[in-house]
Novice: 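What follows is a single structure, and I will ask about it in a moment.
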Amino acid sequence: MNVVRAFKAVAWSFFGIRKGSEYERDVAERKPQHVTVAGIASAALLVVVLVLGAFFVQQVSHGDYPMALAQTLTVIAALMMILSWLWDP
């Protein structure tokens with residue numbers, strides 16, 4: 001269960017909407033090993049989503065990979081900005 005909480009803390013940190021009080025609680029309660037593993041796994045998942053998303057855009061638009069990668073990055077950044085704005089306007 002502690003590993004699931006570590007993934008949750010890392011996910012909120014990726015979005016940049018973690019409250020200071022929750023951060024302090026995480027520092028006191030979480031093991032650094034769990035947070036490290038959750039962070040590495042989450043970063044790897046983000047890279048996989050980025051690569052697969054760029055490949056999908058490339059196949060749909062019949063364009064080159066760098067442009068598809070840029071479009072995928074733009075969409076992911078826009079979604080993260082919208083989610084963070086909706087969470088804390």
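For this chain, numbers begin at 1 and follow the sequence in order. Values below: all heavy atoms of this structure, side chains included; hydrogens, waters and symmetry mates excluded.
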Novice: Which pairs of donor and acceptor atoms, one on a side chain in residues 49-56, lie under 3.5 Å apart (sequence neighbours left out)?
Specialist:
none

Novice: Could you state whether Met81 and Leu86 fall into the same hydrophobic cluster, counting links through intermediate Ile, Leu, Val, Met, Phe, Trp or Tyr residues with side-chain heavy atoms under 4.5 angstrom apart?
Specialist: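 No; Leu86 is not reachable from Met81 via cluster members.
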Novice: Say you draw a straight line from OG of Ser61 to CD of Gln71; how long is it, rounded to the nearest 0.5 Å?
Specialist: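 So the OG of Ser61 and the CD of Gln71 are separated by 5.5 Å.
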Novice: How far does OG1 of Thr74 sit from CG of Leu79, to the nearest 0.5 angstrom?
Specialist: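 Separation between the atoms: 11.0 Å.
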Novice: Which heavy atom of Gly63 sits nearest to which heavy atom of Gln58, and what is that distance?
Specialist: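 That closest heavy-atom pairing would be O-CG, 3.2 Å.
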Novice: If you group Ile, Leu, Val, Met, Phe, Trp and Tyr by side-chain heavy-atom gaps below 4.5 Å, do Leu69 and Ile76 land in one group?
Specialist: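 Yes, same cluster.
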